Amino acid sequence: MKNIYTRIMILCGSVLLSVSCLEKVPGDYVPIDKGMSSVTDAEQIVNGIYNTFKSGSLYSGYLTLCPDIQCDLVHAVQGNSNSYVNIWQWDILSGNSYVEAVYAGLYAAIGQCNYYLDKVGSLKASLTDDTLIEQLDALTGETYFCRALAYSELIRLFCKAYEPETAANELGVVLATSYFGEKPARRDNLENSWQLVLDDLARADELLDPDDNAFDAVYAKNGAVHALWARVALYMQDWDAAIEHSSVLIDDNADVYRLADCNSSYNASTSLLQYLWQGDASYENIFKLGYTSTSYGSAIGAVFLNFTRDYYYYYPDFVPSQSALDLYQSADRRYSCYFSSLQTGYSHQLNWPLLVKYYGNVALRELNIYHVSMPKILRLSEQYLIRAEAWCRKGNYGKAGADLSTLRAARFSTGGNISVNESDWLETISAERVRELYMEGFRLQDLKRWHLGFERSNQSCCVEEGGSLKVEADNPLFVWPIPRNELEAPGSEIQPNESNR
């Protein structure tokens, strides 16, 4: 079994330039004049894609945090460092640095994928060793998965929610499928954009061995393909496909993936649920980004803790909203895993349940690397939530309740059983997704696809401007603006979003 930690780690920076993201090179690790002449070269390029995903612009920072900070889950603390505050206040312009960085980072990953896919055919034709061909096919499957992942994130953030009746007439994203040659300068429609993701997932499914799945995988396996496919199907309102692909993880691979149980121990002082976040390891992880002491992402937890300011008190930029904290019941052990009441060092002396979900990987903390946690891009718990919602959409509330109860049994010290019906299923699913996926980057997309708004109410010691906020359903800023540098790039015909100002 190959191990990503033995691969050569390649740093791929995503520097924002004044040119279109579609013109970015895949990095310096494989010179263009050298090409991709060996399986080792191919492996290096795939490593570079994973490293791009580690970027603070993507899963270890902006891509994960901004969608949830934008919604009703946190409040900005008085005295904060001003990080993400404009996102939180819904003052999101086309020149916003976070939006630009996410857009550029995702297209950087797509560019690397396209470079690989342009080159792999000639490399494969030159190989005669069956083992090398098999290795190359697996790398190609990983690359198709990575391109599908990057495009799915672009569509989620920069496009409207998918509605089957109108998707062909809604703006999608710019679809670049080749690294070489002239790049498209216009956005395709939403239907075609999602179809590219589905096509890439189908190719990945063909190339990645379904019998080679493993929990805690730090590179894409066949299970990751089905997990992403289930998520995409949910967003595309294909309830049958969402059930089909989530069931691959829940049922067909029940001997591989298991929920992290709060009532089972990792060691004498730590439950499996706690270790999922403290040690970044779990039977529940379908696909995560693997970190080492010399190759890791940004300090995703700093914005919620920042105890490194004086190594005594905490100086969070954001604290959990009371409305989110109130969703947890006393027997729900997610609360103690995600939050801890801690004293801040601000002059107002706020003591509040701070988010410790991203306190940091325990092994990295021993090396004085703080607030750094491995992004868990695909987890089994999300698959239960996806299938439960799809069952509700089909009117099978009994099966939905069974899936939610299974998830909650692994999260509650006692009890956890829950039922849903036609009148309360959406409220129940919404609350459970917040409880389970808090600050993992899902809330903005959930509210957008459900066509719901939200309200905030001011909290003590928190910033007032933005603290009391009511956002109506389908507000244009549920769809992020296309970065201004993309719209103004020479030759660009990329159409703006309604949120572009």
Side-chain angles (χ1 to χ4, degrees), residues 20-22 52-53 57-59 62-64 66-68 70 92 94 98-111 113-114 144-177 183-204 224-225 227-238 241-242 245 377-378 382 386 440-451 474 476-483 486-487 494-500:
S20 170
C21 297
L22 297 173
T52 296
F53 283 142
S57 299
L58 299 181
Y59 287 108
Y62 308 160
L63 176 60
T64 299
C66 287
D68 279 3
Q70 189 177 340
I92 307 172
S94 60
Y98 304 120
V99 172
E100 288 181 335
V102 170
Y103 192 95
L106 290 170
Y107 271 114
I110 290 166
C113 293
N114 287 342
Y144 275 119
F145 166 83
C146 289
R147 190 169 73 174
L149 179 64
Y151 267 123
S152 74
E153 298 290 11
L154 277 169
I155 297 167
R156 289 204 306 165
L157 290 168
F158 294 96
C159 299
K160 292 182 178 180
Y162 183 92
E163 299 293 342
E165 300 81 8
T166 60
N169 299 315
E170 296 286 359
L171 286 171
V173 295
V174 178
L175 297 180
T177 56
K183 305 297 187 296
R186 293 180 61 83
R187 298 166 69 180
D188 211 316
N189 66 50
L190 186 57
E191 184 175 67
N192 289 342
S193 297
W194 277 123
Q195 188 59 50
L196 176 62
V197 173
L198 295 177
D199 291 344
D200 279 357
L201 290 173
R203 294 187 183 99
V225 175
L228 179 57
W229 207 327
R231 180 190 292 173
V232 170
L234 187 74
Y235 291 153
M236 295 183 70
Q237 302 184 26
D238 187 344
H245 291 287
I377 297 175
L378 295 164
E382 184 199 356
I386 287 170
E440 294 182 52
F442 290 93
R443 185 62 169 166
L444 184 69
Q445 321 311 329
D446 285 345
L447 293 173
K448 178 167 67 175
R449 65 190 180 83
W450 292 330
H451 300 284
D474 300 318
L477 281 172
F478 275 109
V479 182
W480 282 4
I482 301 297
E486 292 298 313
L487 301 176
I494 297 175
Q495 303 95 315
N497 283 327
E498 187 180 349
S499 55
N500 277 92

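Residue indices begin at 1 and follow the sequence shown. Not measured: the values here are computed from a predicted model.
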Closest approach of [X] and [Y], non-hydrogen atoms and distance?
X: R449; Y: A161; answer: CA-CB, 3.7 Å
X: S57; Y: V102; answer: O-CG2, 3.4 Å
X: E163; Y: H451; answer: OE2-NE2, 2.7 Å
X: L477; Y: S499; answer: CD2-CB, 3.6 Å
X: Y235; Y: Y162; answer: O-CB, 3.5 Å
X: R187; Y: G172; answer: NE-O, 2.7 Å

What is the ring orientation for F158 with Y103, classed by angle as parallel under 30°, tilted 30 to 60°, or perpendicular over 60°?
-> perpendicular
Supply the atom-to-atom distance [X] [atom1] to [Y] [atom2], rounded to the nearest 0.5 angstrom.
X: Q195; Y: L175; atom1: CD; atom2: CG; value: 11.0 Å
X: D68; Y: Q70; atom1: CG; atom2: CD; value: 10.0 Å
X: T166; Y: L190; atom1: OG1; atom2: CG; value: 7.5 Å
X: L196; Y: I155; atom1: CG; atom2: CD1; value: 7.5 Å
X: L63; Y: R156; atom1: CG; atom2: CZ; value: 7.0 Å
X: I92; Y: W480; atom1: CD1; atom2: CH2; value: 7.0 Å

Are [X] and [Y] packed together at the side-chain level, in the sense that at least one heavy-atom pair is separated by less than 4.5 angstrom?
X: V225; Y: Y144; value: no
X: N169; Y: E191; value: no
X: L198; Y: W229; value: yes
X: E153; Y: L58; value: no
X: P67; Y: L157; value: yes
X: T177; Y: R147; value: yes

Should we say atom NZ of K448 is surrounded by more than 12 heavy atoms from elsewhere, each under 6.0 Å from it?
-> yes
Atom CD of Q495 with >12 non-hydrogen neighbours under 6.0 angstrom = yes
Sorted by chain and residue number, the ring-ring contact (aromatic ring centres under 6.0 Å, His included) partners of Y98 (sequence neighbours excluded) come out as Y62, Y84
Could you go step by step and tell me if V173 and Y107 meet the side-chain contact (heavy atoms from CB on, under 4.5 Å) rule?
-> CA-CA 11 Å; V173 295; Y107 271 114; 3.9 Å; yes
Is a side-chain donor or acceptor of [X] paired with a backbone partner of [Y] at a separation under 3.5 angstrom?
X: N192; Y: A168; result: no
X: N114; Y: A176; result: yes
X: S94; Y: N500; result: no

Verify whether the ring centers belonging to Y59 and F53 lie closer than 6.0 Å.
-> yes
Below 4.0 angstrom, N of the basic side chain to O of the carboxylate: do D446 and R443 qualify?
-> no
Could you walk me through whether R231 and L228 pass the side-chain contact (heavy atoms from CB on, under 4.5 Å) test, one step at a time?
-> CA-CA 5 Å; R231 180 190 292 173; L228 179 57; 4.3 Å; yes
